[in-house]
Amino acid sequence: MAKVLVVTSGKGGVGKTTSTAALGAALAQSGQNVVVVDFDVGLRNLDLVMGAERRVVFDLINVVQGDARLSQALIRDKRCETLSILPASQTRDKDALTSEGVARVMDELREKFDWVICDSPAGIERGAQLAMYHADMAVIVTNPEVSSVRDSDRIIGLLDSKTQKAEQGEKVEKHLLLTRYDPARAARKEMLSVEDVLEILSIPLLGIVPESEDVLKSSNVGAPVTLAAPTSLPARAYFEAARRLSGEKLEVSVPVEKRGFFDWLFKRDA
Amino acid sequence: MPDPVSATSSNTPMRIRARGRSFLALVLSPEAPLPLWLEGLDYQIARSGGLFTGKPVILDLGLLSETTPGLATLLDDIRRRGVRIIGIEGGSRHWPAVAHWDWPETLDGGRPAGEVEIPEDPAASAAGPVSGGGTLIIEQTVRSGQSIQHMQGDVIILGSVSSGAEIVAAGSIHVYGTLRGRAIAGVGGQSQSRIFASRMLAELLALDGYYAVTEDIDPTILGQAAQATLDEDRVRVLPLTP
């Protein structure tokens, strides 16, 4: 039974696309068939983060409008064969997406894959609502700052009212992914603590991804961090998050670098 | 010699400013038998409290005849229910039963505007709240951007009210979680309404039109269990001590 997962946040720049790619690659490495779908029509990025930008021929809009078949637009990842991407169009805007067309594409994707992961555009308008409409589950990407938390709260309200599940009287399963978390700054009370965010949003915690250069480096070489640097702290957080999405019960911990005594000595000297 | 200023003002009268404003008047058309129709009206008023308050209503006698039983007391019967009749049409002042009525001046220029849907329960939101009598109970958290409006009585929220969310109630507001958004109580002029919260961090508290923002709340009370009451024309936020 395929699961449709939307990665959303309301606010821009919090790490939706990075998280979509990293979670998609993590789930695919466990042997499941995964497609990541870029819904950010007009501002597509997912193809860059996945390193597929030179292979885009057809895109989501072409398939929605019936100009191309789904199989023509899907791009298979070169590093992980169970991972595919359905890119967005950069030249069109979100008005080109029709709700019937999106419904048809989602039905087709459900048949082909175990996981359909939709990368939502920022905002709460049509594009974001179309991306979430068919979702069974949602990952709400939030930074530990008040503006991001409030926008996530707004998105949770929309997930509870503007999705197909909500219209049928069911609930979209919601998970909080806290990204760009800096334990040192949190300790100095320069950002909201995990407890603060959880208290405000009151949805289960899927994972805490630390602020890290590894994420930036991976994006720049066009690879999800879970493929490019699988042993890094953020990648470990995404791998654990993916296992929780698959139903495993794992304790969520605040990620900290474990350093040996000698590492510590050398770091201090440097 | 006359004062030039007063001469001008007496020649050209002062300009009166006027603007247009239109109100939608509801047209009520009673049907025989009148006692049953009045019962129906009572039921409708009970279901949708605010429907007739402050709205102009025109009484259409077109479905009744000169001899309909109960016609003589109809106008008083309707007015007693708080409905404001601004015009009567469809009948005739010459009918003996209505000759003693206090007929409002006839209004000109009305245009029919189609059937008005009488809301069954205007406060019922998509969230599926439980309504018992005049009280609205919301089981979950009210999220940023959502607005709950209840013009009949109290609102009870079992979850929290997020920053950027809004609760509007004719009566009091009770929040069992944290109140971070706006709470506007006593909207219909009920100055004895209060706002209660297990954790008071409200952006705005309003009671019968008087309001306080977070800055106005004593910082030692912020984050504690508290209630807001109206004292003369000031919103007071006090700790909730059992």
Side-chain angles (χ1 to χ4, degrees), chain A residues 6 8-12 14 120 122-126 128-129 132-133 135 138 140-176 189 192-193 195-205, chain B residues 121-131 136-150 155-168 173-184 197-204 213-215 217 219 222-226:
Chain A
V6 62
T8 185
S9 69
K11 193 171 158 60
V14 294
S120 170
I124 53 171
E125 277 77 37
R126 196 179 139 75
Q129 293 191 14
M132 70 169 66
Y133 185 77
I140 293 119
V141 182
T142 306
N143 292 166
E145 315 163 6
V146 278
S147 56
S148 174
V149 171
R150 187 200 269 182
D151 289 0
S152 295
D153 195 59
R154 182 89 166 88
I155 280 290
I156 296 171
L158 292 179
L159 285 165
D160 286 339
S161 60
K162 300 274 169 131
T163 52
Q164 196 173 35
K165 284 249 170 194
E167 285 170 7
Q168 291 166 354
E170 295 170 54
K171 288 244 160 185
V172 174
E173 201 182 298
K174 296 174 286 283
H175 299 276
L176 176 68
K189 302 251 159 90
L192 290 176
S193 71
E195 293 73 31
D196 288 342
V197 180
L198 282 175
E199 205 264 325
I200 294 173
L201 295 178
S202 54
I203 55 171
L205 182 62
Chain B
D121 185 0
S125 81
V130 186
S131 189
L136 179 70
I137 302 175
I138 310 266
E139 307 263 359
Q140 65 274 59
T141 289
V142 183
R143 302 284 181 179
S144 184
Q146 293 178 331
S147 175
I148 304 286
Q149 305 200 354
H150 186 58
V155 176
I156 298 175
I157 316 267
L158 300 182
S160 296
V161 178
S162 296
S163 160
E166 176 183 75
I167 313 294
V168 183
I173 296 172
H174 311 251
V175 182
Y176 284 89
T178 308
L179 172 55
R180 291 192 178 82
R182 299 168 152 235
I184 298 157
S198 305
R199 227 180 135 213
M200 180 66 83
L201 286 167
E203 287 169 345
L204 179 129
V213 292
T214 320
E215 280 186 1
I217 303 174
L222 277 180
Q224 310 297 316

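So that the names make sense, note that chain A is the first sequence line, chain B the second, and so on, each numbered from 1.
In terms of heavy-atom pairs under 4.5 angstrom with chain A, the leader among B:Ala165, B:Gly164, B:Ser163 is B:Ser163. Among A:Ala166, A:Gly157, A:Ser202, the residue with the largest count of heavy-atom pairs under 4.5 Å with chain B is A:Gly157.
Atoms CD1 and CZ, on A:Ile200 and B:Arg180 in that order, are 4.5 Å from each other to the nearest 0.5 Å. Rounded to the nearest 0.5 angstrom, A:Ile156 CD1 and B:Gln146 CD are separated by 10.0 Å. For the atom pair OG of B:Ser162 and CG of A:Leu201, the computed distance is 7.5 Å after rounding to the nearest 0.5 Å.
Contacts between A:Ile203 and chain B at a heavy-atom distance below 4.5 Å involve the side chain alone, from C-beta outward.
Closest heavy-atom contact between A:Arg150 and B:Ser144: CG-OG, 3.6 Å.
Between the side chains of A:Glu199 and B:Thr178, at least one donor N or O sits under 3.5 Å from an acceptor N or O.
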